[in-house]
Colleague: 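Have a look at the structure that comes next, please.
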Number of protein chains: 2
Amino acid sequence: MARTAYHHGDLHQQAHDQALAVLRLEGDSAISLRGIAKQIGVSAPALYRHYADRESLLAELAISGFAALRQQLLSVEQHAPRAALIGIGLAYVAFAQSEPNLYRLMFGGRVLPKGAHPRLDQAGLGAFNVLQDTIARGQRAGYLKPAPLSLMTATAWSLVHGLSQLTIDGHLPNADAEPQLAEGITSLLLEGAIAHTDAHTDNNEDTP
Amino acid sequence: MARTAYHHGDLHQQAHDQALAVLRLEGDSAISLRGIAKQIGVSAPALYRHYADRESLLAELAISGFAALRQQLLSVEQHAPRAALIGIGLAYVAFAQSEPNLYRLMFGGRVLPKGAHPRLDQAGLGAFNVLQDTIARGQRAGYLKPAPLSLMTATAWSLVHGLSQLTIDGHLPNADAEPQLAEGITSLLLEGAIAHTDAHTDNNEDTP
DNA sequence: GTGCCAATGTTAACGCCGTTAACTTATCAC
DNA sequence: GTGATAAGTTAACGGCGTTAACATTGGCAC
């Protein structure tokens, strides 16, 4: 069976793209199968040949979102431990801010109760692992204290996820100095996470 | 106009309670005005005498959620700075875990785009201020370093909010040791936030 | 080439939803 | 009592997800 052009063409991909466009502009609640079908120029039940239901389409959007997040995190320079850790935090928050509606879908928790969609869980782990690997590298380099890896990863992820969510929803009152905020927050956490080897125990900022 | 019993009774409050019950059991997307009206024993348009639309009902649920969160945070013992800070973090996460669907509604971001509902924003600030006051107290006591208050508050809030969201959605892989996790995370951040006065630079736990 | 099968599309319909319009009823002020 | 008004009613519109039943088309066996 050809995947290039059949009755209509690659309806699967077109529906995915159209749904992503609606998501970006109006959020996931504005995604309707009937609306997508109409804008593609196809009948609504045709979508059910490619997606089991509306939730499956949203899950696929979230999966591609996690893949994109993973790629953005993988592109962070990994030479200097401190720069890598701060860089990955900034990259994470930057992704959420560049795709707020997609990020809300990925972590909204309303769709797909976490164990229902194996591919979605795996995609989330793929992004999570990049963060964990960076922290493990910082530990092996002796930059981070040898606390349990799971604890440090959970802490770092909680921080960047919380900051992402709060900023894209406008909850932080003084979000004006936002880039400095992300860096300042990451640095503040790092000061509690670095190994105190009599080298950098105090305010050791490397920002101009 | 009496507020005790009219045609039906206190429909406003009953609708609120019924919606909250549905929210707790099935999440906000399961809240339908028709369903609530039917279970109360009233006609669906009757609800429009008390709520402008479905979003207003959800906003009111979120407002009462923020009030409940504020009360829970206010009940934290405020004597010792470190105990107060860890206690408020644990209380915050405990609230999210005890009311996951309500917490998702409060911070979901899909409903009420942040500036649309003034009472909702004010309720959020009410909870936020308790956290900020605790941090300010810790600074005045000399326990926390004199970094900008907005930065420290944003960091703390990001951390507890992120941890709450990740745990209630089951994203943290090893959430088995969850109470220890919340405390360990809070302590880890604190080690970067406390003032290093040659008094408690290392692992200075005050828990049994 | 022909014929069949499975994949992919169509229209019609069901039941639910939010919301509005038009109307009815009960309570309070006087 | 008698309006005015708040609080309820039924009827209806349009949109939604989803399913059933039917139609079409591409590709493969022969």
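Only this structure's heavy atoms are used, side chains among them; waters, hydrogens and symmetry mates stay out. Chain letters run A, B, ... following the sequence lines, proteins first, then strands; residues in each count from 1.
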Colleague: Rounded off to whole Å, could you give me the OH-to-C1' distance for the A:Tyr48 and D:dA21 pair?
Modeller: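 Those two atoms, OH and C1', are 17 Å apart.
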
Colleague: Using the six-membered ring wherever Trp is involved, compare the ring planes of B:Phe107 and B:Phe66 and label them parallel, tilted or perpendicular (cut-offs 30° and 60°).
Modeller: perpendicular

Colleague: Grab the CG-C1' distance between B:Asp53 and C:dC17 for me, whole Å please.
Modeller: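 So the CG-C1' distance, B:Asp53 to C:dC17, works out to 14 Å.
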
Colleague: If you find the nucleotide of DNA chain D closest to B:Ala44 and the one closest to A:Arg54, which residue's nucleotide is nearer the 5' end?
Modeller: B:Ala44

Colleague: Please work out if B:Arg34 contacts a base, only the sugar-phosphate, or nothing of the nucleic acid, heavy-atom cut-off 4.0 Å.
Modeller: base

Colleague: Taking atom C1' of C:dC17 as reference, at what distance in whole Å does atom OH of B:Tyr51 sit?
Modeller: 19 Å

Colleague: Starting at CG of B:Leu33 and ending at P of D:dT9, how long is that distance when rounded to a whole Å?
Modeller: 14 Å

Colleague: Starting at CD1 of B:Ile36 and ending at C1' of C:dG18, how long is that distance when rounded to a whole Å?
Modeller: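 Between C1' of C:dG18 and CD1 of B:Ile36: 12 Å.
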
Colleague: Could you check A:Ser164 against A:Gln97 for side-chain hydrogen bond (donor to acceptor under 3.5 Å, both in side chains), going step by step and ending with a plain yes or no?
Modeller: CA-CA 7 Å; A:Ser164 298; A:Gln97 289 175 345; over 6 Å; no

Colleague: Can you tell me how far P of D:dC16 sits from CD of A:Gln39, to the nearest Å?
Modeller: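 Rounding to the nearest Å, CD of A:Gln39 and P of D:dC16 are 10 Å apart.
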
Colleague: Mind calculating the distance between NE2 (B:His50) and C1' (D:dT5) to the nearest angstrom?
Modeller: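 Whole-Å distance recorded here is 14 Å.
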
Colleague: Using a 4.0 Å heavy-atom cut-off, does B:Leu47 contact any base of the nucleic acid, only the sugar-phosphate backbone, or nothing at all?
Modeller: nothing

Colleague: So does A:Gln122 have more than 12 non-hydrogen atoms from other groups sitting under 6.0 Å from CD?
Modeller: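 No, CD of A:Gln122 has 12 or fewer neighbouring heavy atoms, counting only those of other groups under 6.0 Å.
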
Colleague: Given that A:Arg49 and A:Ser32 both sit by DNA chain D, which one's nearest nucleotide is further toward the 5' end?
Modeller: A:Ser32

Colleague: What is the separation between atom NZ on A:Lys38 and atom C1' on D:dC16, rounded to the nearest whole Å?
Modeller: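 Atom-to-atom, A:Lys38 to D:dC16, this comes out as 11 Å.
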
Colleague: Determine the interplanar angle of the A:His12 and A:His50 rings, folded into 0 to 90°, and report it as parallel if under 30°, tilted if 30 to 60°, perpendicular if over 60°.
Modeller: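 A:His12 vs A:His50 ring planes: perpendicular.
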
Colleague: C:dT11, C:dT20, D:dG17: which one has an atom nearest the side-chain heavy atoms of A:Ser43?
Modeller: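 Ranking C:dT11, C:dT20, D:dG17 by closest atom to the A:Ser43 side chain puts C:dT11 first.
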
